[in-house]
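Report on one structure; see the data block that follows.
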Amino acid sequence: MASLPPKHRLQSSAADSAATGQHEHHRPRGLMRWVLTTNHKEIGTLYLIFSLTMFLIGGVFALVVRAELFQPGLQLVQPEFFNQMTTMHGLIMVFGAVMPAFVGLANWMVPLQIGAPDMALPRLNNFSFWLLPIAFTLMLSTLFMPGGAPNFGWTFYAPLSTTYAPPSTTFFILSLHIAGISSILGAINIIATILNLRAPGMRMMDMTLFVWTWLITAFLLIAVMPVLAGVVTMMLMDINFGTSFFNAGGGGDPVLFQHLFWFFGHPEVYIMILPAFGIVSVIIPTFARKRLFGYASMVYATASIAILSFLVWAHHMFVVGLPLVAELFFMYSTMLIAVPTGVKVFNWITTLFRGSISFEPAMLFAIAFVVLFTIGGFSGLMLAISPADFQYHDTYFVVAHFHYVLVPGAVFSIMAAVYYWLPKWTGHYPHLRLSQWHFWLSVIGVNLTFFPMHFSGLAGMPRRIPDYSLQFADFNMVSSIGAFMFGLSQLLFVVIVIMCVRGGKTAPAKAWDGAEDLEWTVPSPAPLHTFEHPPQYRPVEH
Amino acid sequence: MSGGSYYVPATSKWPILGSLAMGVMMVGGGTWLVHGAVGSPLMLAGLVGILAVMVLWFRDVIRESMAGLYDAQMDRSFRWGMGWFIFSEVMFFAAFFGALFYVRTLALPWLDGEGAKGVTALLWPDFSASWPLLDPPDSRISGPAETLSPWQLPLVNTLLLVSSSITLTVAHEALKMGERQATHNWLFGTVLLGTCFIIIQGVEYYEAYHHLGLTLEAGIYGSTFFMLTGFHGLHVIIGTIILASILLRIRKGHFSGANHFGFEAAAWYWHFVDVVWLGLFIFVYVF
């Protein structure tokens with residue numbers, strides 16, 4: 001193998017540079033290095049930094065909301081601005097923070113876990129990333145436009161988002177188009193990488209759960225992001241060109257918007273949680289020092305959830321006036337999702353059972369994920385019951401539900417992934433004591449924030465309203481205190497990451513003694529180019 | 001495989017320039033829609049930028065391909081990439097077809113009072129559902145006077161597109177057998193058929209706007225009609241440009257009988273556009 005001459009110039013120069021360390025002759029330096037990069041690790045880092053920035057911006061919006069809700073009555077902001085804050089918080093967190101964070105992790109770790117040198121289409125990868133800052137600059141700029149930013153909630157239901165929308169909605173639609181193109185191209189790249197660039201000898205059923213969940217997530221993205229593009233295009237046409245898609249006066253239907261939106265929106269929910277399942281399925285075996293229990297069933301459960309996700313969308317619309325048969329169908333299909341999800345939770349617990357467990361920060365976040373995500377899953381089951389949903393709909397109970405699956409669910413899994421892979425990225429362990437502080441402040445803050453919302457919601461407090469009746473005052477005060485505690489403790493996270501990049505306890509190639517996947521065979525920090533010659537993969541029996 | 005190594009391409013400035021051009025086009029387009037003509041030069045500049053980046057980016061890829069830098073694995077990556085891209089396009093059209101089916105089979109009958117809910121019928125008691133919808137519920141929205149007969153220009157267009165798929169396949173077979181002149185001629189015929197389709201579609205739109213009162217503003221029939229046929233027509237235009245580029249590459253002596261993924265990708269795209277048209281012909285024009 002070594003005696004073979006390099007097939008072409010580009011490859012030989014890359015191979016030479018790897019042989020002489022990390023230096024390359026023709027690499028752009030400084031800012032241009034990041035602007036032009038086609039390297040999956042650099043692009044992964046860009047995605048993660050972008051996501052963290054959006055997480056902090058979206059977090060500030062959330063704190064504006066919680067500050068206003070600290071006490072009943074109108075204190076800090078105008079109701080109009082409050083609506084803009086709830087809307088922008090949701091949009092930024094979903095499309096700007098959680099999705100790019102998972103794409104960043106996929107960029108870094110999928111090639112390393114399958115023994116590939118890079119993503120399959122590296123230039124497309126650069127394009128996918130750089131569309132994002134443009135999309136979100138445009139989206140955030142709507143805050144400064146006449147009439148203010150979008151104010152109709154992150155689900156932008158017509159006709160609030162068409163007939164009664166501020167003029168900036170057109171810009172919001174266009175920014176969502178750019179973000180959607182970025183997601184589709186990124187997903188195509190990830191699928192092509194996983195299907196085509198696995199190390200010789202690695203079968204599909206040898207892949208880590210993180211790679212598996214991302215393969216299925218990428219499929220979901222390619223299937224539903226175009227539907228989102230379609231529905232926002234219809235909005236754009238209704239607003240600017242007089243079409244009647246969501247206008248009953250012209251023969252259209254506002255409910256059509258909801259169907260199309262949630263046909264995108266429900267798979268979107270799984271786009272934000274399947275990679276989290278993958279991360280947790282990689283971290284728990286490492287720190288339980290056992291192989292993942294039920295590997296194959298985990299793969300099938302992930303695929304089942306993905307397929308079911310196309311058949312449940314109208315459970316978001318139980319109170320809109322659906323025919324009875326639709327209420328029943330969507331109630332039962334939604335409950336079915338609990339089966340594969342239950343398979344996953346039981347597999348994680350069984351992996352822990354009789355394991356030799358240690359509680360590194362990554363493991364703390366992963367275990368908190370299992371417990372708290374399951375709470376969110378159970379409240380989801382309650383919401384799936386159509387007759388009961390007539391009470392829960394559009395109350396803080398819904399807010400509690402989806403924040404439990406998204407914050408101690410998706411966001412905690414991202415934190416866990418960062419603590420797990422930081423040694424591979426930087427060559428240093430994150431500061432242990434500070435990480436533990438970060439975990440405990442986060443886990444207490446998150447529960448203080450969202451647990452009381454179950455109660456205020458069941459008692460009837462509606463979502464997206466800047467004022468509330470006096471009996472909800474105590475719950476809201478606790479929620480607001482928790483929110484500021486959670487928000488401020490994320491600054492500690494930023495400090496920990498910066499400290500870890502700059503120094504800290506040196507990590508060996510195999511940073512965790514229970515870690516078995518391919519990424520732990522390359523040095524820490526991972527050199528710029530890895531696996532330029534495909535490693536021979538030795539299958540292990542799961 | 002085991003002795004091979006991976007292909008890692010060099011850095012490129014086209015992606016970032018493409019992103020910037022996309023941003024310029026969207027800001028310009030939004031400004032044009034919200035604030036009027038001041039935005040249109042910006043939008044056009046962005047569009048020209050995107051087209052220029054596409055030309056230059058593809059030029060680089062073609063050069064690298066011609067230089068033999070791509071191996072079988074890279075070829076497979078391109079195939080997966082193009083295949084999944086076409087799937088995303090399918091889902092984009094699915095959204096518009098879904099809207100059409102929902103409106104026809106559920107929303108309009110409900111507006112007419114069908115079903116257990118019934119309350120929607122109280123909005124416009126005089127409304128009666130029909131498809132094509134010539135009288136929208138709100139009298140301020142005037143529906144089309146009549147709709148296009150499927151058995152005139154649309155049928156011609158169907159024949160044009162179906163035959164273009166056949167001529168393209170003949171060109172592909174000729175390319176595989178190394179008969180380059182035949183490839184060139186059949187491909188040229190395909191481009192001609194595509195161009196004729198676009199022209200006829202233009203004539204049809206003119207008819208619709210000027211004689212039938214069928215416009216974007218003509219209620220839900222006009223909305224679904226123009227968005228479905230419009231996005232399809234846009235795809236035919238793009239597909240024709242792609243095929244014309246492939247024709248130029250054939251003239252320059254690109255592609256071999258064994259290795260011609262650029263040609264195949266263009267053909268996949270063209271067949272996809274053809275299949276969408278058949279769906280349109282059946283569900284928009286005939287039924």
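From a predicted model like this one, the values you see are computed outputs, not experimental measurements. Quick note on labels: first sequence line is chain A, next is B, and so on, each numbered from 1.
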Which of [options] touches chain A most, by non-hydrogen pairs under 4.5 Å:
{"options": "M227(B), M25(B), K13(B)", "value": "M227(B)"}
{"options": "L123(B), T31(B), V103(B), L106(B)", "value": "T31(B)"}
{"options": "P136(B), S142(B), A67(B)", "value": "P136(B)"}
{"options": "G29(B), G143(B), A99(B), G23(B)", "value": "A99(B)"}
{"options": "W80(B), F226(B), W84(B)", "value": "W84(B)"}
{"options": "G98(B), S12(B), G81(B), S139(B)", "value": "S12(B)"}

Taking side chain as everything from C-beta outward and backbone as N, CA, C, O, which of these in [X] sits under 4.5 Å from a heavy atom of chain B? Side chain, backbone, both or neither.
{"X": "F241(A)", "value": "both"}
{"X": "I222(A)", "value": "both"}
{"X": "F264(A)", "value": "neither"}
{"X": "I184(A)", "value": "side chain"}
{"X": "L131(A)", "value": "both"}
{"X": "N126(A)", "value": "both"}
{"X": "N247(A)", "value": "side chain"}
{"X": "L236(A)", "value": "side chain"}
{"X": "L260(A)", "value": "side chain"}

Answer with side chain, backbone, both or neither: which region of [X] has an atom nearer than 4.5 Å to a non-hydrogen atom of chain A?
{"X": "Y221(B)", "result": "neither"}
{"X": "W14(B)", "result": "neither"}
{"X": "A94(B)", "result": "neither"}
{"X": "L33(B)", "result": "both"}
{"X": "W32(B)", "result": "side chain"}
{"X": "T224(B)", "result": "both"}

With the side chain counted from C-beta on, respond yes when [X] and [Y] share a heavy-atom pair under 4.5 Å apart, and no when they do not.
{"X": "F245(A)", "Y": "I220(B)", "answer": "yes"}
{"X": "V255(A)", "Y": "Y102(B)", "answer": "yes"}
{"X": "W130(A)", "Y": "M22(B)", "answer": "no"}
{"X": "V224(A)", "Y": "M91(B)", "answer": "no"}

Identify which of A248(A), A187(A), G242(A), G249(A) forms the greatest number of heavy-atom pairs closer than 4.5 Å to chain B.
-> G249(A)

Classify the ring geometry between H35(B) and F171(A) as parallel (under 30°), tilted (30 to 60°) or perpendicular (over 60°).
-> tilted

Per the side-chain contact (heavy atoms from CB on, under 4.5 Å) rule, which among I181(A), I178(A), L132(A), I134(A) passes with S19(B)?
-> I134(A)

Could you tell me which non-hydrogen atom of P15(B) sits nearest to which non-hydrogen atom of R123(A), and how far apart they are?
-> CG-O, 3.5 Å

Closest approach of A95(B) and G230(A), non-hydrogen atoms and distance?
-> CB-CA, 4.4 Å

